[in-house]
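Read through the structure below, which is laid out as structure tokens, and then see the notes.
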Amino acid sequence: MERETVTLEAVRWLDALERDDADWDGFTAWLEASPDHRKAYDAVALLDRRIDEQRERLAAIVPDEEYARPARRWWAWGGGVSAAAAAAIVGLVLLPAGPAEADQIYRTGVGQTRQVALADGSRIALASSTTLTVKRGGQELALEGTASFSVPHRPDRMLTVQAAGMTIQDIGTRFEVATGNGIARVAVAEGQVSVAAPELAGPVRIEHGKRLVIDRAAGVAELKPAAEFASWQRGRLVYEDAPLPLVAAEVGRYAGRHVALAPGLSGRRFSGVLTIGDGSALVENLARLMDLDARADGKAWRLAAHSSR
């Protein structure tokens with residue numbers, strides 16, 4: 001009975017973490033209270049992912065009114081699904097779907113954000129149009145896009161994030177990573193992280209209140225005070241002396257279109273605040289603040305100096 005109670009608690013936490021007002025501190029405390037809690041949460045999260053992967057096959061087993069409503073999750077079915085259908089679901093989901101150590105991939109679409117919880121209590125917030133890959137039991141991650149990380153301090157484990165040629169290592173802190181157009185930024189809000197990259201002579205330690213920006217095309221790395229941390233979580237993009245290619249990449253992820261720069265603009269910098277809204281006005285607002293022309297070109301935007309139009 002105790003094991004069933006822990007599993008039920010894990011199910012409730014998995015559901016709660018989908019909400020905007022998720023109690024992350026409470027979840028972390030519950031997770032760290034017992035090794036059984038970690039095992040139960042991992043098992044429930046894996047089952048939930050496997051059900052998502054088998055969605056089409058499950059739809060053929062369970063009647064539409066019992067399964068095919070997107071808002072319903074398997075743990076909310078209660079007694080609504082027949083015993084035979086439930087047994088079929090469990091049997092199907094527990095069939096081997098691939099390697100035991102298969103990567104877990106989390107994605108956000110245009111204008112979407114997502115919260116990801118790892119078994120060690122780490123919390124990751126994904127910004128618009130971002131992909132996070134979780135490898136090897138949750139200790140190795142790969143990022144394309146923008147995300148903020150909150151990692152509980154644990155000297156016995158090292159979290160590693162691969163992003164745009166960088167290797168970021170951390171045992172406990174809060175930091176943000178943004179990538180795009182060959183440029184990567186790491187900003188630290190609490191604690192410190194270690195960053196290694198081909199452009200660096202050796203690993204660089206970034207302390208709280210600092211940011212490291214690496215321009216791979218130019219082979220340049222710079223360490224400066226950080227601007228506002230993860231400002232996109234509050235509905236705005238805040239930049240201080242940021243490379244324009246990185247700004248264009250982030251703006252494009254909210255606008256839903258690639259933002260190309262005319263020759264001669266890649267070396268420019270931007271300082272300012274952009275309100276995200278629905279993303280539709282971001283490119284034109286950026287162009288106005290930088291005194292540039294913004295033109296829609298097929299499925300992309302193009303920023304150019306007035307004289308080059």
Measuring from [X]:[atom1] to [Y]:[atom2], what's the distance to the nearest 0.5 Å?
X    : Y    : atom1 : atom2 : value
F229 : R234 : CZ    : CZ    : 8.5 Å
R174 : R123 : CZ    : CZ    : 8.5 Å
S129 : R107 : OG    : CZ    : 12.0 Å
D291 : H306 : CG    : NE2   : 3.5 Å
T133 : L143 : OG1   : CG    : 8.5 Å

According to the salt bridge (Lys or Arg N to Asp or Glu O under 4.0 Å) rule, which pairs have a member within [range], sequence neighbours left out?
range            : value
residues 139-150 : R136-E140
residues 272-286 : none
residues 196-211 : E199-R216

Donor-acceptor under 3.5 Å ([X] side chain, [Y] main chain):
X    : Y    : value
H208 : A189 : no
S128 : G111 : yes
S148 : E176 : no

Non-hydrogen atoms of [X] and [Y] that approach each other most closely:
X    : Y    : answer
L159 : S122 : CD2-OG, 4.4 Å
V259 : G252 : CG2-CA, 3.7 Å
L303 : A287 : CD2-CB, 3.8 Å
P243 : V213 : CG-CG1, 3.8 Å
P245 : N181 : O-ND2, 2.8 Å
L274 : L282 : CB-CD2, 3.7 Å

message = Test side-chain contact (heavy atoms from CB on, under 4.5 Å) on L141 and L132; report intermediate values, then the result.
response = CA-CA 7 Å; L141 316 177; L132 175 74; 4.1 Å; yes

Hydrophobic cluster membership, [X] vs [Y], 4.5 Å side-chain cutoff:
X    : Y    : result
L289 : V251 : yes
V161 : L212 : yes
V283 : L246 : no
L261 : M290 : yes
L237 : L126 : no

task = List the steps, then state whether side-chain contact (heavy atoms from CB on, under 4.5 Å) holds for I183 with I214.
result = CA-CA 6 Å; I183 298 178; I214 297 178; over 6 Å; no

request  = Assess the side chains of Q169 and S194: does a donor N or O sit below 3.5 Å from an acceptor N or O?
outcome  = no

Test of understanding: with salt bridge (Lys or Arg N to Asp or Glu O under 4.0 Å), list the residues that count as partners of [X], not counting sequence neighbours.
X    : result
D120 : R157
R288 : none
D241 : K224, R269
E240 : none

ask   = Got a sec, which residues hit side-chain hydrogen bond (donor to acceptor under 3.5 Å, both in side chains) with T130, two or more places apart in sequence or on another chain?
value = none

With R268 via side-chain hydrogen bond (donor to acceptor under 3.5 Å, both in side chains) - residues at least two apart = none

request  = Quick one: list whatever passes side-chain contact (heavy atoms from CB on, under 4.5 Å) with T179, sequence neighbours left out.
outcome  = A163, A164, V177, A184

request  = Report the residues that fulfil side-chain contact (heavy atoms from CB on, under 4.5 Å) with R257, sequence neighbours left out, ordered by chain and then residue number.
outcome  = A296, W301

inquiry  = Against F149, only a single residue in V186, I124, D170, V188 fulfils side-chain contact (heavy atoms from CB on, under 4.5 Å); can you say which?
reply    = I124

query = Is I206 close to V195 at the side-chain level, that is, under 4.5 Å between some pair of heavy atoms?
reply = yes

request  = Could you check H37 against E9 for side-chain contact (heavy atoms from CB on, under 4.5 Å), going step by step and ending with a plain yes or no?
outcome  = CA-CA 9 Å; H37 292 182; E9 290 175 351; 4.2 Å; yes

task = Not counting sequence neighbours, list each pair that qualifies as a ring-ring contact (aromatic ring centres under 6.0 Å, His included) and has a residue in residues 239-284.
result = Y239-F270

key: Working for side chain to side chain donor-acceptor pair (under 3.5 Å), residues R253 and T146   = CA-CA 9 Å; R253 284 196 285 269; T146 300; 3.0 Å; yes

